[in-house]
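Taking it in order: structure first as structure tokens, then the write-up.
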Amino acid sequence: MSPAEEESSLPLPERWPRASKFALSACAAAVAELVTFPLDLTKTRLQVQGEAAAGPAVPYRGMLRTAAGIAQEEGVWKLWQGATPAVYRHIVYTGVRMVTYEHLRDSVLGRAEGESFPLWKAVVGGVCAGAIGQFFASPTDLVKVQMQMEGKRKLEGKPLRFRGVHHAFLKILSEGGVRGLWAGWVPNVQRAALVNMGDLTTYDTVKHFLLLNTTLVDNSVTHSVSSVCSGLVAAVLGTPADVVKTRIMNQPRDKQGRGLLYKSSMDCLIQTVQGEGLMSLYKGFIPTWMRMAPWSLVFWLTYEQIRRLCGVTSF
């Protein structure tokens with residue numbers, strides 16, 4: 001049998017390992033995103049409450065009251081408004097970050113199977129993977145954030161900006177050019193780097209620590225414990241950057257695509273702290289954590305299981 005024939009007879013995960021891991025992680029992320037999306041919408045609404053440019057006082061406070069208000073005043077299905085670009089975003093973002101992290105961990109940083117992996121290497125891998133993945137996914141994240149605010153605009157009597165996902169992409173592109181699609185990418189990438197330092201680094205470190213130092217084996221129990229830890233650390237590290245990212249992405253822009261409220265992520269950070277206090281950077285922390293915890297649990301359990309079903313080694 002020729003080398004070409006031998007290669008064609010191999011299973012898909014062995015012929016195209018990175019493409020297969022990209023597809024599997026994208027599928028797991030789509031499932032996790034749809035299950036937890038209402039919490040993401042609630043978190044986004046909470047993060048713009050109190051913003052100077054938001055106008056009069058908002059009608060609800062807190063996660064439960066905000067979610068209930070959206071369901072009552074806008075309709076239950078509005079809790080999934082912006083879900084389509086969110087799924088698009090995670091297909092790109094999660095696919096790229098997972099493949100990048102595994103490549104850095106195994107090929108560049110040199111993790112040996114069955115041995116402990118230095119925390120600093122896991123941190124480097126997580127930060128780089130998150131930043132690269134989010135840069136590519138930033139346009140879809142911009143559309144998601146802006147579409148999540150459409151229901152609020154309708155209640156305030158303002159005209160809706162978009163008719164759908166594709167219209168949102170085209171409108172942002174026509175108003176701000178290609179550069180406009182990456183509006184807010186700097187705080188976006190900063191947030192993703194911090195979140196992945198918490199998520200990927202914590203999950204990988206906790207999982208392999210448990211496997212090497214306890215009687216636990218590579219099963220759903222170990223995956224669950226690791227994912228709960230990763231969700232908490234990711235929420236603590238990522239919430240302040242998430243608040244800044246959301247406000248920059250949601251601000252109005254001029255014809256050149258420049259923000260009218262904030263000059264940069266640092267300017268937004270300073271204005272937010274000066275105007276609303278330091279703890280305003282943790283607005284939406286509870287829904288952020290309550291979303292990240294189940295998101296991490298659903299994602300990692302799904303991802304590990306479909307890897308195993310498809311013949312791909314455990315993460």
Side-chain angles (χ1 to χ4, degrees), residues 21-22 25-26 29 32-33 40 43-44 47 86 88-109 111 117-142 144-145 181-207 226-227 229-250 262 264-270 272-273 281-285 288-289 291-293 295-296 299-300 303 315:
K21 290 175 182 177
F22 180 97
S25 62
E33 188 66 20
D40 186 50
K43 174 207 70 176
T44 301
Q47 286 175 337
Y88 289 166
R89 179 241 180 188
H90 265 290
I91 288 174
V92 179
Y93 168 64
T94 302
V96 172
R97 76 181 178 113
M98 297 303 293
V99 172
T100 301
Y101 181 79
E102 280 200 80
H103 174 70
L104 290 174
R105 182 189 67 183
D106 300 337
S107 300
V108 178
L109 298 173
R111 191 197 80 176
F117 190 53
L119 179 60
W120 73 267
K121 289 187 177 182
V123 169
V124 170
V127 168
C128 293
I132 293 170
Q134 187 55 59
F135 177 78
F136 282 102
S138 194
T140 54
D141 206 24
L142 173 65
K144 182 199 77 170
V145 169
L181 289 172
W182 268 266
W185 74 269
V186 173
N188 219 0
V189 167
Q190 291 169 344
R191 171 192 174 273
L194 290 171
V195 167
N196 279 275
M197 184 170 68
D199 183 27
L200 286 174
T201 300
T202 302
Y203 180 85
D204 197 21
T205 302
V206 171
K207 175 185 171 181
S226 303
S227 66
C229 294
S230 69
L232 177 60
V233 176
V236 171
L237 293 177
T239 299
D242 196 32
V243 171
V244 172
K245 178 213 73 171
T246 299
R247 293 190 172 196
I248 285 182
M249 284 188 159
N250 192 54
Y262 311 113
S264 63
S265 57
M266 184 57 67
D267 181 46
C268 179
L269 178 70
I270 293 172
T272 301
V273 173
L281 294 176
Y282 278 89
K283 279 188 175 182
F285 172 77
T288 295
W289 175 58
R291 175 178 182 269
M292 282 188 174
W295 195 98
S296 292
F299 171 75
W300 286 112
Y303 187 46
F315 184 84

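Within the 4.5 Å cutoff, no side-chain heavy atoms of Leu104 are placed close to those of Val124. A heavy-atom distance below 4.5 Å is not found between the side chains of Val123 and Thr205. Using a 4.5 Å cut-off on side-chain heavy atoms (C-beta onward), Tyr303 and Lys21 make contact. At a threshold of 4.5 Å between non-hydrogen side-chain atoms, the residues Trp295 and His90 count as touching. The closest side-chain heavy-atom distance from Ser138 to Val189 is not below 4.5 Å. Between Val244 and Gln190 there is no side-chain heavy-atom pair separated by less than 4.5 Å.
In this structure, the separation between OG1 on Thr202 and CG on Leu119 is 8.5 Å, given to the nearest 0.5 Å. Taking CZ of Phe22 as the reference point, atom OG1 of Thr100 lies at 9.5 Å (rounded to 0.5 Å). The OG atom of Ser226 lies 9.0 Å from the CG atom of Asp204; values are rounded to the nearest 0.5 Å. Interatomic distance, Leu237 CG to Asp199 CG, rounded to the nearest 0.5 Å: 10.5 Å. Note that CG of Asp141 and CG of Leu181 are 12.5 Å apart. Values are rounded to the nearest 0.5 Å.
Shortest non-hydrogen contact noted between Thr239 and Lys283 is CG2-O, 4.0 Å. A pairwise comparison of heavy atoms in Cys268 and Arg247 identifies SG-CB, 3.9 Å as the closest pair. Residues Val96 and Gly133 approach most closely at CG1-CA, 3.6 Å, considering heavy atoms. Closest non-hydrogen pair, Gly125 versus Leu109, comes out as N-CD1, 4.1 Å. The heavy-atom pair separating Leu200 from Phe315 by the smallest distance is CD2-CZ, 4.2 Å. Closest heavy-atom contact between Tyr93 and Gly130: CE1-O, 3.9 Å.
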I would like to know whether Thr94 and Glu33 meet side-chain contact (heavy atoms from CB on, under 4.5 Å); could you show each step before the answer? CA-CA 11 Å; Thr94 302; Glu33 188 66 20; over 6 Å; no

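Under 3.5 Å, the side chains of Asn196 and Tyr101 contain no donor-acceptor pair of N or O atoms.
Of the possible donor and acceptor atoms, one in the side chain of Tyr282 sits under 3.5 Å from a partner among the backbone N and O of Val236. The closest donor-acceptor contact from the side chain of Thr201 to the backbone of Ala122 lies under 3.5 Å.
Sorted by first and then second residue, the pairs that involve residues 124-134 and meet side-chain hydrogen bond (donor to acceptor under 3.5 Å, both in side chains), not counting sequence neighbours, are Arg89-Gln134.
With sequence neighbours left out, the side chain to side chain donor-acceptor pair (under 3.5 Å) criterion links Ser227 to no other residue.
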